[in-house]
Amino acid sequence: MADMNPILRNIYEQPAELERVLNDLTGPKLDQLRDIARQMSLAGELVLTSMGSALYSLMPMYEELRERGYRNVSLEETGDVIRHPERMSRNALYVLMSRSGESREVADFAVWCREHGYSTLAITMTPTSTMATNATIMLHDISTYDEIVCIKAYSTMALTGLLLVEMMDGRDRPDATLMANLHAAFDWMEQNKESILAQLEAVPFLAQAHGFYCLSRSYGINMMRSASLWLEETAKTPANVMSIDNFYHGPMEVIRSHAIVKAVTCPILFDVQPDERSRMIWDYVNQAVPDSLYFGPAGSDMPGGARFEIPELGLTGGWTMIVAALWFQLLSYQVAVANGIEPGFFYEEGWIVK
């Protein structure tokens, strides 16, 4: 893979790196995982915070906490948290996540918290970073670095956060069925990554879109936030994110008016929690703009200009995002290729900290 585009190489490395991180966290680091989860469960409040892709890596963790009944939990940009020290809580554990641990906001916030006596947990791929060395607790994600865009960093840090939540009920180790399903899912990703790209290569209209509407519901909206970032970073293509329900209350007019507006917008539906209303809205979308992208469960008969089936692999909620990410990472790569753009090319890399 030496001469492969680095974005594609990182995507293709992802299943093996997920397997490696899972084995590390449930093997050599199991005692540490258990201890950190216990401290999280004892905290009066959990504040999950980061910036950029790492903020999105926290979203599956947030969804799983909410699903399990934890209500005293919030998800906030560090740029907002650090500007409002009056809102800080002594009872809270601040969970910071960052690939480098040197992104300006999270690094500054970790230092500020140490100096002012607030408790922090740093989840990072860089244990010697400013964020990690100033945190109260640190958990190392051993995945290899991505070249530029966070690919393995997104999914392996999401996996790390989800495993911590899994252990918060005091169990000795993650549920055996969950573990088996994760290993099977990573195997499936490894076996199918090239065929997914081939399916995307066959879509004839990707180069025509000036932008995308990334639509879903519930935890799927968080996946769409990551998808929009990958499209914008990798393919330099704007992507808006909203629920399919809110899309119907106004922004739908962009699609209905496609014949009289200059921009060509391609709608994408990540079909979680489908019902008759989502079908009605998506039918309207496809009547107006046949060049749409549908990502949904196997067996669905929802329309779409191009349709992709995401298999049921025994994972639920936030856990499914780790697998679903593969489609949207490869989509961003293929949109770049279709537009004659080198995927992941950056004019300015000053924000990237390695």
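Counting begins at 1 with the first residue of the sequence.
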message: Does W282 form a side chain to side chain contact (heavy atoms under 4.5 Å, CB included) with R279? I'd like the steps, not just the answer.
response: CA-CA 5 Å; W282 190 241; R279 174 177 288 278; 5.9 Å; no
field: ring-ring contact (aromatic ring centres under 6.0 Å, His included) between Y294 and F308, intermediate numbers included
entry: CA-CA 6 Å; Y294 174 82; F308 304 89; 9.2 Å; no
message: Within this structure, what is the CG-CD distance for the pair L75 and E63, rounded to the nearest 0.5 Å?
response: 9.0 Å
query: Any donor and acceptor pair, going by atom type alone, linking the side chain of K29 with main-chain N or O of D24 inside 3.5 Å?
result: no
task: Evaluate the criterion ring-ring contact (aromatic ring centres under 6.0 Å, His included) for residue pair W327 and F270; output intermediate values, then yes/no.
output: CA-CA 10 Å; W327 273 264; F270 179 35; 9.0 Å; no
task: Would you kindly confirm whether L163 and V73 end up in one hydrophobic cluster when ILVMFWY residues are joined by side chain heavy atoms under 4.5 Å apart?
output: yes
Derivation and outcome, side chain to side chain contact (heavy atoms under 4.5 Å, CB included), residues L46 and N72: CA-CA 6 Å; L46 293 172; N72 207 12; over 6 Å; no
- request: Drop me the distance from I7's CD1 to E342's CD, to the nearest 0.5 angstrom.
  value: 9.0 Å
- request: Starting from the C-alpha separation in whole Å, work towards a yes-or-no answer on side-chain hydrogen bond (donor to acceptor under 3.5 Å, both in side chains) for T49 and E77.
  value: CA-CA 5 Å; T49 182; E77 291 185 11; over 6 Å; no
query: Under 3.5 Å, is there a donor-acceptor pair between the Q14 and Q329 side chains?
result: yes
message: Please find the pair of heavy atoms, one from P267 and one from V289, that lie closest to each other, and give the distance.
response: CD-CG1, 4.2 Å
field: N246 side chain vs M242 backbone, donor-acceptor pair below 3.5 Å
entry: no
message: Are the side chains of I322 and L162 in contact, using a 4.5 Å heavy-atom criterion?
response: yes
query: How far apart are the C-alpha atoms of Y145 and T126, what are their side-chain angles, what is the distance that settles it, and do they pass the side-chain hydrogen bond (donor to acceptor under 3.5 Å, both in side chains) test?
result: CA-CA 9 Å; Y145 255 55; T126 314; 2.5 Å; yes
task: Fit a plane to each ring of F247 and Y213, take the angle between them on a 0 to 90° scale, and name the class: parallel (under 30°), tilted (30 to 60°) or perpendicular (over 60°).
output: perpendicular
message: What verdict does the ring-ring contact (aromatic ring centres under 6.0 Å, His included) test give for Y333 and W230, after you've listed the backbone C-alpha separation in whole Å, the side-chain angles of each residue and the deciding distance to 0.1 Å?
response: CA-CA 8 Å; Y333 169 83; W230 290 319; over 10 Å; no
query: For atom CZ of R83, is the number of surrounding heavy atoms from other residues, nucleotides or ligands below 6.0 Å larger than 12?
result: no
message: Which heavy atom of S129 sits nearest to which heavy atom of S100, and what is that distance?
response: CB-O, 3.0 Å
- prompt: Are M168 and L96 grouped together when hydrophobic residues (ILVMFWY) are joined by side-chain heavy atoms under 4.5 angstrom apart?
  reply: no
query: Nearest heavy-atom pair of A153 and S57: which atoms, and what distance?
result: O-OG, 3.9 Å
field: Main-chain N/O of D31 paired to D35 side chain as donor or acceptor, under 3.5 Å
entry: no
- prompt: Is the shortest heavy-atom distance from the side chain of C214 to the side chain of L231 under 4.5 Å?
  reply: yes
- prompt: Donor-acceptor pair, N5 side chain versus L8 backbone, under 3.5 Å?
  reply: yes
field: Y12 and M4: CA distance, side-chain angles, deciding distance, side chain to side chain contact (heavy atoms under 4.5 Å, CB included) verdict
entry: CA-CA 10 Å; Y12 278 5; M4 184 181 290; 3.9 Å; yes
task: Give a yes or no on whether Q273 atom CD has more than 12 heavy-atom contacts from other residues, nucleotides or ligands under 6.0 Å away.
output: yes
task: Could you tell me whether E232 and K236 have a side-chain N and a carboxylate O separated by less than 4.0 Å?
output: no
query: With distance as the sole test, does T156 use its side chain to make a donor-acceptor pair with the main-chain N or O of K152 at under 3.5 Å?
result: yes
message: With a 4.5 Å cut-off on side-chain heavy atoms, are S278 and I281 touching?
response: no
- prompt: Above 12 or not: heavy atoms from other molecules or residues under 6.0 Å from CD of E115?
  reply: yes
message: Using side-chain hydrogen bond (donor to acceptor under 3.5 Å, both in side chains), reason through E13 and N10 one step at a time and then give a plain yes or no.
response: CA-CA 5 Å; E13 291 169 343; N10 291 158; 3.2 Å; yes
- request: Starting at CG of L159, measure out to CG of L164 and round the result to the nearest 0.5 Å.
  value: 9.5 Å
message: Can you see whether T130 engages E102 through a side-chain donor-acceptor pair at a distance of less than 3.5 angstrom?
response: yes
- request: Can you see which heavy atom on A207 is nearest to which on A338, and at what distance?
  value: CB-O, 3.4 Å
query: For V95 and V47, what are the C-alpha separation, side-chain angles and deciding distance, and is it a side chain to side chain contact (heavy atoms under 4.5 Å, CB included)?
result: CA-CA 6 Å; V95 181; V47 180; over 6 Å; no
- prompt: Do D275 and R277 sit within salt-bridge range, that is, some charged N less than 4.0 Å from a carboxylate O?
  reply: no
query: How many angstroms lie between OG1 in T133 and CZ in R114, if you round to the nearest 0.5 Å?
result: 8.0 Å
query: Going by heavy atoms in the side chains, are L48 and L65 under 4.5 Å from each other?
result: yes
field: Hphob cluster co-occupancy, L206 + L326, side-chain heavy atoms under 4.5 angstrom
entry: yes
- prompt: Short question: side chain of S195, backbone of N192 - any donor-acceptor pair under 3.5 Å?
  reply: yes
message: If you compare all heavy atoms of S53 against all heavy atoms of C150, which two are closest, and at what distance to 0.1 Å?
response: OG-CB, 3.3 Å
query: Would you say the side chains of Y118 and T136 form a donor-acceptor pair under 3.5 Å?
result: no
- prompt: Got a second to check how far R38's CZ is from L33's CG, nearest 0.5 Å?
  reply: 13.0 Å
Residues E17 and T144: side-chain donor-acceptor under 3.5 angstrom: yes
- prompt: Regarding D283 and Q287, is there a side-chain donor-to-acceptor distance under 3.5 Å anywhere?
  reply: no
- prompt: Taking S50 for the side chain and M97 for the main chain, is one N or O donor matched with an acceptor at less than 3.5 Å?
  reply: yes
query: Would M61 and I137 show up in the same hydrophobic cluster when neighbours are defined by side-chain heavy atoms closer than 4.5 Å?
result: yes
- request: Could you tell me the separation between the CG atom of L121 and the SG atom of C113, rounded to the nearest 0.5 Å?
  value: 12.0 Å
Parallel, tilted or perpendicular, as decided by the 30° and 60° cut-offs, for the rings of H183 and F186: perpendicular
- prompt: How far apart are the closest heavy atoms of M157 and A54, and which atoms are they?
  reply: CE-CB, 4.1 Å
- prompt: Distance-only, no hydrogens or angles: does the S300 side chain make a donor-acceptor pair with backbone N or O of P297 under 3.5 Å?
  reply: no
message: Donor-acceptor pair, distance only, cut-off 3.5 Å: does the side chain of R34 make one with the backbone of M167?
response: no
task: State whether the side chain of T124 and the backbone N or O of R99 hold a donor-acceptor pair below 3.5 Å, judged by distance alone.
output: yes
- prompt: Do D141 and R20 sit within salt-bridge range, that is, some charged N less than 4.0 Å from a carboxylate O?
  reply: no
message: Looking at R173, I'd like to know if its CZ atom is crowded, meaning that more than 12 non-hydrogen atoms belonging to other residues, nucleotides or ligands lie closer than 6.0 Å.
response: no
query: Any chain of hydrophobic side-chain contacts (each under 4.5 Å) joining I341 to V337?
result: no
